Amino acid sequence: MNINAYKPQGDKKNSAFFEEYCAKIYSRRESSGLDQLLQNLCAFIIHLESGDGLPYLEELALMTPYRLQTSYINNSHKIYILRTCNQFPRLIVMEPLSSDYEDDIKRLNMIYPLARNKPNARYVGEIMYTKDLKETQDILESHNIRFHYPGETENNFYTGHNIRFTVPSDFTHNRLGYTHIDLEDHSALELGQPFQLNSKEQQRLDQVARLSEELGIHHLIEGVDHMATRVLAGEREDAILEFLSISNYYFWGAYNIKEMNSSTNVNRNHTVSDDKLSPAKVFTANNTPSFVNSFENLPMPTEDFVRNYGRRMHHIAYEVTDGDHISQQKNVDFVVSQLNENKISFLGDVIGECSDQPNLKQIFSRQSPYSVLITEYVERCQGFSGFFTRDNVASLTEAAGHDERYEHGHVFD
Ligand SMILES: [Fe+2]
């Protein structure tokens, strides 16, 4: 695919600044050699509160295809590596050993009124394969991208010999890591000493994994389809351009979600045949900042989310295998009803219609009490090739907004 010749989809207008620099970024990626080095995303990373590790692994075992593969312990964290049964990216979960642990995640979360409840919980970012780690860092640093350096972080995971991370983005607060090693090579990851859950903990985890099989949902929930980060209205273009600068993704397109006064902006990796091998990175932003919103009193759930929790990952979407569970019941409806019966609550009902036309069915779960992330399930019916429909996104955004309000004085966010 020639990304320089690609015409983005959607009706959200970008500025002349965006168009100019998007083209320049693509061209510099090629001339600097970055595009030739970078491949696919190979892991997602989530940081938790101390004590939330096991319950979060249980939640993942019920709600996602991720299963614990190996655990490590070092002087600050327990680190869990989870995988699916295929070649999709790994999930790396980091749990501090002490409830007093503090790093930049906690310091950042403490600024925001609703993020303070779980000050160590945050989606950290992704890791991308590169053919040459040093060359990648050298190129990016020559483009003013900052990296964590050994000795400058409380968590040594960000500064290993074989994985290096950018500092949290000013626009998204996500990091992007790079590695040249196969994540199966655990010793090269230098994560500390391997350890095993005790038999009681392992039993709890096995029990949930069995439950997911018995409910008949495990084989229907595939890999991650996309991840959506929420950013401030005024930083939409910067957030996209920054991610394009440090990755090999391309700007697929953006749609205006007028009813919710927001836009959805999708970026994809053109080197993979299946998005689940390197999921789409979505950025959502309000169309107007909160301080002018009172002129028109338009909805602003996306801006409110950022004011309440900080710029951050909002949800991770999993693809549900398309098909009918029984007549009139699509697989996604079945998955959701099974989870519902097992104490997983959702924000509203499944949205979207699947009849004889290509279309999407989607739903948001309630926020995880451990990761502060929403899980989305999406079923693409009749070969629907897009990422969303405007109507669905408007309903989903509205449903999540009700759950993310913050009462402050007489202002209800
Ligand atoms: Fe989504």
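Both ligands and their constituent atoms are indexed starting at 1 by order of listing. Please read these numbers as outputs of a predicted model, since none were measured by experiment.
Residues Q137 and Y178 bring no donor and acceptor atom of their side chains to less than 3.5 Å of each other. Looking at T321 and E222, their side chains do bring a donor and an acceptor atom within 3.5 Å of each other. Side-chain N/O atoms of Q36 and E135 include no donor and acceptor closer than 3.5 Å.
Between E237 and K12 there is no salt bridge, since no side-chain N of the basic residue sits under 4.0 Å from a carboxylate O of the acidic one. We find that D304 and R307 are joined by a salt bridge, their nearest charged nitrogen and carboxylate oxygen being less than 4.0 Å apart. Salt bridge annotation for R107-E154: present, with a cationic side-chain nitrogen under 4.0 angstrom from a carboxylate oxygen.
Atoms of the protein (N, O or S only) found under 2.8 Å from the Fe ion (ligand 1) are H226 NE2, H315 NE2, E376 OE1.
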